[in-house]
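Structure record follows, encoded as structure tokens.
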Number of protein chains: 2
Amino acid sequence: MTDARILVIDDEAPIRRFLRVALEADGYGVIEAATARAGLASAAREAPALVVLDLGLPDADGLSVLRDLRGWSQIPVLILSVRVDEAGKVEALDAGAQDYVVKPFGVKEFLARVRSLLRDRVSEIQPSVLTIGPLRIDAADHSATLDSHPLHLTRREFDLLWMLASHRGRLVTQEMILKAIWGTAHAGDSQYLRVYIRQLRQKLRDDATNPRFIMTEPGIGYRFLEGS
Amino acid sequence: MTDARILVIDDEAPIRRFLRVALEADGYGVIEAATARAGLASAAREAPALVVLDLGLPDADGLSVLRDLRGWSQIPVLILSVRVDEAGKVEALDAGAQDYVVKPFGVKEFLARVRSLLRDRVSEIQPSVLTIGPLRIDAADHSATLDSHPLHLTRREFDLLWMLASHRGRLVTQEMILKAIWGTAHAGDSQYLRVYIRQLRQKLRDDATNPRFIMTEPGIGYRFLEGS
DNA sequence: GATCCCCTTACGCATTCCTTACGCCGCACA
DNA sequence: TGTGCGGCGTAAGGAATGCGTAAGGGGATC
């Protein structure tokens with residue numbers, strides 16, 4: 001039915017498994033993350049169509065995950081929580097969540113809410129494999145090939161490539177990239193970016209002054225050029 | 001805060017009044033309809049930003065209103081209902097509703113859900129692209145074209161162009177521009193302005209004495225002329 | 001213990017920004 | 001009609017910033 005991928009951020013393995021089974025039965029791909037840190041990293045690397053976020057994470061306040069995410073992404077977020085009080089709901093929704101479901105919940109309602117969230121955004125859903133000219137990028141197994149030859153990319157390099165390529169044609173600001181890959185605390189360290197952009201370009205056999213792939217937008221950020 | 005108008009379709013006058021008071025307190029305009037028929041007519045006539053639909057209407061099944069609406073409109077719909085069972089929720093959400101709130105409900109949560117639904121549509125309402133005659137300016141892209149030819153603008157030049165063009169037709173004082181682009185500390189350095197106005201005009205092929213775009217208002221500021 | 005990856009620093013170069021200088025025009029005033 | 005003045009437009013050069021590039025240290029992994 002659909003190849004939309006959904007990121008589930010929850011520290012409890014049974015709940016993750018429960019959600020995985022339910023979502024996969026509806027035809028979605030599921031990515032799991034057990035911690036806030038891993039969840040944010042996955043959100044940046046995988047560009048899922050939806051994030052299901054449990055607020056009861058051990059390593060960080062769930063809302064801080066949401067706020068961090070909203071610093072660089074508009075991916076819709078469905079919150080799971082045991083809190084039934086209004087203040088908690090209001091806080092989460094105002095922090096940028098699209099929906100809020102109280103545990104325990106019915107799986108049919110949950111799936112219906114997921115369908116509703118994804119329905120209006122079908123056109124924005126990223127496939128897990130991008131093909132741009134001679135370049136092929138697979139988010140599922142973090143591999144990339146250029147002219148059918150495998151590219152040996154490090155994690156940071158792949159994250160950066162995916163971030164740019166999944167926004168192909170559009171401008172991506174330095175701040176967005178830094179927040180997504182290095183975290184909000186490093187939003188000003190643009191030097192990181194220059195170093196990794198350089199390494200990426202080298203592996204893509206790209207030229208900074210006459211780029212095939214990564215175009216610099218001086219003072220703003222970068223843009224991945226659209227393949228013909 | 002906002003001038004979005006919300007259509008409330010509910011047959012019970014006290015509930016309509018209750019919702020009106022709450023929504024207006026949050027700065028929305030409210031349109032009331034007491035029947036399915038009147039609600040659909042209002043939705044078509046007023047093009048509200050959001051529809052709040054109570055399923056317990058006397059003259060028609062609430063879901064039929066929703067399905068009718070979805071036949072010709074993508075206005076987001078928030079459902080109110082007394083039904084707590086999953087089947088009812090699933091049916092409504094799958095019929096095209098964006099959210100489903102069970103009565104009785106907390107007004108704070110309700111308002112937060114309204115904000116959430118309207119938040120995502122702001123970008124659609126407020127486009128980042130200006131088109132003025134042969135000139136096209138895209139704020140999200142930081143790009144501009146003149147007669148379909150790309151303009152190579154520096155950051156300052158683009159900021160200045162956007163400042164003027166987004167106030168098209170209206171007078172913009174030197175002080176406003178200087179404070180916005182160079183900061184309050186440079187509110188008196190009108191020489192900056194003259195230099196960058198000059199560069200902008202050059203790139204826009206504009207003539208200071210007989211301008212197509214940027215008209216000087218001596219002693220006060222500048223005005224971006226309206227395209228015909 | 002070797003390798004790989006990430007972070008960090010340094011430096012040259014190009015672009016952009018700021019700053020200064022000067023000419024023109026209209027206006028006021030004599 | 002001449003003169004001074006203020007505001008604007010224009011030109012050019014030095015300062016500052018931002019980008020690309022190279023290289024090396026520290027820590028994790030195997």
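Numbered from 1 within each chain, the chains take letters A, B, ... in sequence-line order. The structure displayed is predicted, hence computed values, not measured ones.
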Under 4.0 Å protein heavy-atom contact, by nucleotide of nucleotides 14-21 of chain D - B base, S sugar-phosphate only: ----SBBB
Using 0.5 Å steps for rounding, measure from the [atom1] atom of [X] to the [atom2] atom of [Y].
X      : Y      : atom1 : atom2 : value
A:L161 : A:F224 : CG    : CZ    : 5.5 Å
A:L160 : A:R45  : CG    : CZ    : 12.5 Å
A:K103 : A:I79  : NZ    : CD1   : 11.0 Å

Carboxylate-amine/guanidinium contact B:D94 A:R115, below 4.0 Å: yes
Under-4.0 Å salt bridge between A:E12 and A:R16: no
Listed pairs under 3.5 Å, donor-acceptor, residues 177-190 of chain B side chains, sequence neighbours left out:
from: B:K179; atom 1: NZ; to: B:E175; atom 2: OE2; distance (Å): 3.0
from: B:H186; atom 1: ND1; to: B:W182; atom 2: O; distance (Å): 3.2
from: B:S190; atom 1: OG; to: B:R194; atom 2: NH1; distance (Å): 3.4

Between [N] ([atom2]) and [X] ([atom1]): distance, integer Å:
X      : N      : atom1 : atom2 : value
A:D189 : C:dC6  : CG    : P     : 16 Å
B:Q202 : D:dG9  : CD    : P     : 13 Å
B:F158 : C:dT16 : CZ    : C1'   : 17 Å
A:L160 : C:dC5  : CG    : C1'   : 15 Å
B:L200 : D:dC8  : CG    : P     : 17 Å
B:K203 : C:dT16 : NZ    : P     : 7 Å
B:H186 : C:dC17 : NE2   : C1'   : 11 Å

Sugar-phosphate, base or nothing in reach of B:H152, heavy atoms under 4.0 Å: sugar-phosphate
Which nucleotide in C:dC7, C:dC6, C:dC18 has an atom nearest any side-chain atom of A:W182: C:dC7
Side-chain N,O (A:Y196) to OP1/OP2 (C:dC5) below 4.0 Å: no
